[in-house]
Amino acid sequence: MNMIRAALVGLGLVCASSPTAQVSLDDLDRAMDSRSDQMAAFRDRLNDPDPNRAMTAMQLLITKGDTQQKQMAIEHGLSSTNPAIRMAAVTAVFDSQPILVSRWYPEERDFNNNFRNRVKHFRGTINADKSARVPLAVGQYSEDAKCWVDLRESRYCLFRINSGEISIRMDGWAQVALDDSGRLMGTPMIGGYRTEVVIDLGR
């Protein structure tokens, strides 16, 4: 529905001052076809035979595109078989300063308040099965610290990429890696407990 409305707005078919205005099926088809043509054109640019042009298109759509454009570019980049494009996609995701959904699975389910406090620090919630759902608010990149900071606490590094390796900072720095689904996965120490962390980059 949001996609259709955006297309209608672009064609001037939504009239806020006239709630009784009607849209014909032809108007609707033209709006939807126009949007489909635009998305097809974006896909063509993401698949440009020049890898530099394709990467530039991907980075721009991730950082500046609307929701649908961003999602399309992220999926394209993270599913690439080219490691450089996959890493560029992760970088562009971080640069867009998203709030990433992460899930934490501590090895020990009878954890103490240290783990609970770490979940609370990130404004997460602990589930009935003792896993946690934690939002990670990515802030801007710090040239001094060479990391993306926590949006809510800008002195605190959250992610970094160094020599093609992605790391997350919890109790300390720990490496995370992209799986085949385009998620970041790792087992950092959190609140003193080894914890499986799964981070969805597409949301």
Side-chain angles (χ1 to χ4, degrees), residues 58-59 62-63 67-68 70-203:
M58 179 193 69
Q59 292 168 325
I62 291 174
T63 56
T67 300
Q68 189 176 11
K70 178 177 179 178
Q71 186 67 31
M72 176 182 64
I74 290 173
E75 291 175 357
H76 173 85
L78 297 181
S79 64
S80 174
T81 58
N82 185 322
I85 291 179
R86 284 166 64 85
M87 194 59 62
V90 174
T91 300
V93 170
F94 291 164
D95 283 342
S96 70
Q97 299 185 30
I99 297 178
L100 301 174
V101 175
S102 70
R103 290 174 174 80
W104 299 0
Y105 304 94
E107 285 185 347
E108 300 291 335
R109 296 305 169 95
D110 293 327
F111 44 75
N112 60 23
N113 283 336
N114 289 335
F115 184 86
R116 294 180 185 276
N117 288 338
R118 296 299 285 151
V119 174
K120 183 179 179 180
H121 169 80
F122 290 102
R123 303 180 185 178
T125 56
I126 295 176
N127 303 316
D129 65 356
K130 299 298 182 70
S131 66
R133 183 183 186 278
V134 183
L136 301 176
V138 183
Q140 66 183 2
Y141 184 79
S142 169
E143 290 290 349
D144 292 335
K146 304 300 181 187
C147 70
W148 285 268
V149 300
D150 185 335
L151 182 63
R152 303 187 182 104
E153 189 177 339
S154 60
R155 294 175 297 176
Y156 186 91
C157 284
L158 189 56
F159 290 104
R160 71 181 180 190
I161 296 178
N162 186 22
S163 300
E165 293 185 350
I166 308 165
S167 299
I168 188 171
R169 186 179 179 187
M170 290 291 147
D171 290 3
W173 284 107
Q175 186 175 345
V176 290
L178 276 173
D179 70 359
D180 292 338
S181 300
R183 301 174 302 175
L184 288 176
M185 303 187 68
T187 53
M189 295 293 292
I190 302 179
Y193 296 90
R194 182 67 62 187
T195 304
E196 180 185 1
V197 172
V198 181
I199 304 167
D200 188 349
L201 294 180
R203 298 181 183 273

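Nothing here was measured: the structure is a model prediction, and the numbers come from that model.
Proximity of D110 to K130: side-chain heavy atoms (C-beta onward) are separated by under 4.5 Å at one or more points. Counting heavy atoms from C-beta outward, V101 and I199 have side chains that stay 4.5 Å or more apart. By the 4.5 Å heavy-atom criterion applied to side chains, K146 and R160 are not counted as neighbours. D150 places a side-chain heavy atom less than 4.5 Å from the side chain of H121. Using a 4.5 Å heavy-atom cutoff, the side chains of F159 and R169 are not in contact. The closest side-chain heavy-atom distance from I126 to W104 is not below 4.5 Å. L201 places a side-chain heavy atom less than 4.5 Å from the side chain of L100.
Put simply, CG on N117 and CZ on F111 are 11.0 Å apart, with the number rounded to the nearest 0.5 Å. To the nearest 0.5 angstrom, M72 atom CE is 9.0 Å from H76 atom NE2.
Within a 6.0 Å sphere centred on NZ of K120, heavy atoms belonging to other residues, nucleotides or ligands number 12 at most.
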**OP:** I would like to know whether R118 and V134 meet side-chain contact (heavy atoms from CB on, under 4.5 Å); could you show each step before the answer?
**Re:** CA-CA 10 Å; R118 296 299 285 151; V134 183; over 6 Å; no
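No donor-acceptor contact under 3.5 angstrom links the side chains of S142 and D144, judged on distance only.
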